[in-house]
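See structure below.
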Amino acid sequence: MTKQLLSKLSGGLAPKQPAHFVLLAASLIIGATLIGLLFRALGFPETNIVITYILAVLLAARFTPGYRWGIATAFVSTFTYNFFFTIPLYSFAVSDSSHIITFAIMTITASITGALTSKAKASEEEARRREAEVLMLYSFTNRLSNAFTPHEIAGVAVNTIHSFWGWQAACLCFNGEGRPEDSYIQQVGEDTPIWRRTEEPQRVMNEMLQLRRAYLAGEEFFDWPVYSTKKLLAVVRIPTPDARTMTDDQRQALHSVIKGVALAMDRYGSARARLKSEEEAAQERYRSSLLRAISHDLRTPLAGIMGTAEILMERERNDQQKSALAAAIYSDAQWLHDIVENVLSLTRIQSGASVIKYEPSALEEIAEAALNHVKRRLEGRRLEVRLPDELLMVMADGRLIQQVLVNLLDNAAKHTPPGKRISLSADRVGRGYVRVTVEDEGEGVPPEDLPHIFEMFYTSKKRSSDVKKGIGLGLPICEAIIKAHGGTVSAENITGGGARFNFMLPLAKDGQNDKTHSDN
């Protein structure tokens, strides 16, 4: 590819030494003069001789660079024609004034035709150069499609730059943390890439991050940054002598190469992020399926254990020791049953299998059902319920909101000693919302845990020894359910001891139809 592209770019022109062009122009003029002398000897008209000199000017313009050689050849041709073919011969004197007009027209015509020829040649060279650039970028793009890592992409880039321009280009890649790697690749020969140690990578990173122009000029390299939409991916390095003599066209082509490198590296990063996301999603699905299967298998025997424990408590009511053992069995089974239910609820919500049925529901009925469900766990605590006299209708799935209240009340019971207060209250806030509050006079939430209590599987490390340790699912499930209803949930400590949990729900509007929503 190297030699073909460079030959297209050069266009097969002769070396650009002035002596060569002088010799070429002189040869053309001498040739035209000899042909003119032959035409005069054969008796041809002078117009044929003039055309011969114009042809010499055209050829000079074609095979010399720029306009000046063609124009200079036109002037020299005019004086040569005057010297050899106008009377008096072999003199620059003009005996006939009409010859002056001939000389002027000849000079102008030769100059214009020479200039047009030079312009056509320049357009041809520009077309050839652009064709070479297109071929180079096409080859570069094809090779990038087979590069799968940043190092392979960098190798393709420096090899392409060296092949097209002959520069010993280099490329320094940045790692996933946005820092320069310890080594970078440099193309020092057509098939000779080498790895060099990065000098002061921290300085390179700082200079690139503070860069306010297209490139950074250094003693050894001019560095061009390669950016994605979010971060710095690499640095393309051009040796300083080559960068200083770079033309605008070369700089524009280099920018195209840099954009190609950026797109390829960005594509690699996106592909890796997508694969990681897919792996995490697959792991999450596997985990959810496993938890759901285990929870289903545990639910039935736990229900049997709880039922048997209740029967034993009723039968052995007079035997305090047996009744206490049965109560302990029931309490532990109930704790495990709640965990199983929370796991099932969480997996259903995360997988989208939970269908939320939004319908006008009386908040008082939801609260009563939740209190009946946890009344055994609230024994020994002072329960206060403060609901407004008006009927509050919320647009919600009553079954799920009941689970939220059960989780919050159960959480309060776990951390509130017997004899202390637990309260449930509700009131209107703003326009169209109701706020439900669960308060307790327990130990409160450690300040360092407060920002994390709604995170999945987060449990406090500073709980009392007499409190059963959960697995950190109750509060995250509450947050997921409330957010699915368009509300918010929050927690705070109460001055003097205890914790307060609030959640907001939208009130049902008059005449609002029921609707069912699936997370799918």
*On the ring face of Tyr433, is Arg435 found with NZ or CZ under 6.0 Å from the centre and within 45° of the axis?*
no
_Side-chain (Gln250) to main-chain (Thr247) donor-acceptor, under 3.5 angstrom_ = yes
*Please step through side-chain contact (heavy atoms from CB on, under 4.5 Å) for the pair Ile185 and His151, ending with a clear verdict.*
CA-CA 8 Å; Ile185 188 171; His151 290 163; over 6 Å; no
_Euclidean distance, Asp242 CG relative to Phe221 CZ, rounded to 0.5 Å_ = 10.0 Å
*Would a distance-only check, ignoring hydrogens and angles, find a side-chain to backbone donor-acceptor pair under 3.5 Å from Ser277 to Ala273?*
no
*Which residues pass the side chain to side chain contact (heavy atoms under 4.5 Å, CB included) test with Thr33, sequence neighbours left out?*
Ile29, Leu37, Tyr53, Thr80, Phe84, Phe85
*If we only count heavy atoms from C-beta on, is the Val236 to Ile161 side-chain gap below 4.5 Å?*
yes
_Residue pair Ile482 / Leu505, side-chain heavy-atom distance below 4.5 Å_ = yes
*Kindly say whether Gln202 contributes a backbone atom to a donor-acceptor pair with the side chain of Glu200 at under 3.5 angstrom?*
no
_Please check if the number of heavy atoms outside Arg251 that lie under 6.0 Å from its CZ is greater than 12._
yes
*Taking atom CG of Asp182 as the centre, report whether more than 12 heavy atoms of other residues, nucleotides or ligands fall under 6.0 Å from it.*
no
*Pairwise distance CZ(Phe454) to NZ(Lys483) - rounded to 0.5 angstrom*: 9.5 Å
_In the structure I gave you, are the side-chain heavy atoms of Val235 and Phe174 within less than 4.5 Å of one another anywhere?_
yes
*Taking side chain to side chain donor-acceptor pair (under 3.5 Å) as the test, write out the residues that go with Arg196, two or more places apart.*
Tyr184, Gln186, Glu220
*asked:* Show me the pairs that pass salt bridge (charged side-chain N to carboxylate O under 4.0 Å, His left out) and involve residues 253-273, at least two apart or across chains.
replied: none
*asked:* For a 4.5 angstrom cut-off between non-hydrogen side-chain atoms, does Asn502 reach Val489?
replied: no
*Under 3.5 Å: donor-acceptor pair, side chain of Gln252, backbone of Asp248*: no
*So, Ser228 side chain and Met265 main chain: donor-acceptor pair closer than 3.5 Å or not?*
no
*asked:* Do Glu219 and Thr240 have side chains that approach each other closer than 4.5 Å (heavy atoms only, starting at C-beta)?
replied: no
_Would the distance check show the side chain of Thr198 and the main-chain N or O of Glu181 forming a donor-acceptor pair, the cut-off being under 3.5 Å?_
yes
*Are any non-hydrogen side-chain atoms of Leu42 and Leu38 less than 4.5 angstrom apart?*
yes
*Does a salt bridge link Arg237 with Asp223, judged by any charged N lying under 4.0 Å from a carboxylate O?*
yes
*Have a look at Val226 and tell me which of Leu263, Leu172, Val257, Val261 forms a side chain to side chain contact (heavy atoms under 4.5 Å, CB included) with it.*
Val261
*asked:* With side-chain contact (heavy atoms from CB on, under 4.5 Å) as the criterion, how do Ile238 and Leu254 come out once you've worked through the C-alpha distance, each side chain's angles and the decisive distance to 0.1 Å?
replied: CA-CA 10 Å; Ile238 305 298; Leu254 178 62; 4.0 Å; yes
_Counting C-beta onward and ignoring hydrogens, is there a side-chain heavy-atom pair between Leu475 and Asn407 closer than 4.5 Å?_
no
*Check: Glu359 main-chain N/O paired with Ser361 side-chain donor or acceptor under 3.5 Å*: yes
*asked:* Please determine whether a side-chain nitrogen of the Lys or Arg among Glu278 and Lys276 lies less than 4.0 Å from a carboxylate oxygen of the Asp or Glu.
replied: no
_Under 3.5 Å donor-acceptor, His485 side chain and Asp397 backbone_ = yes
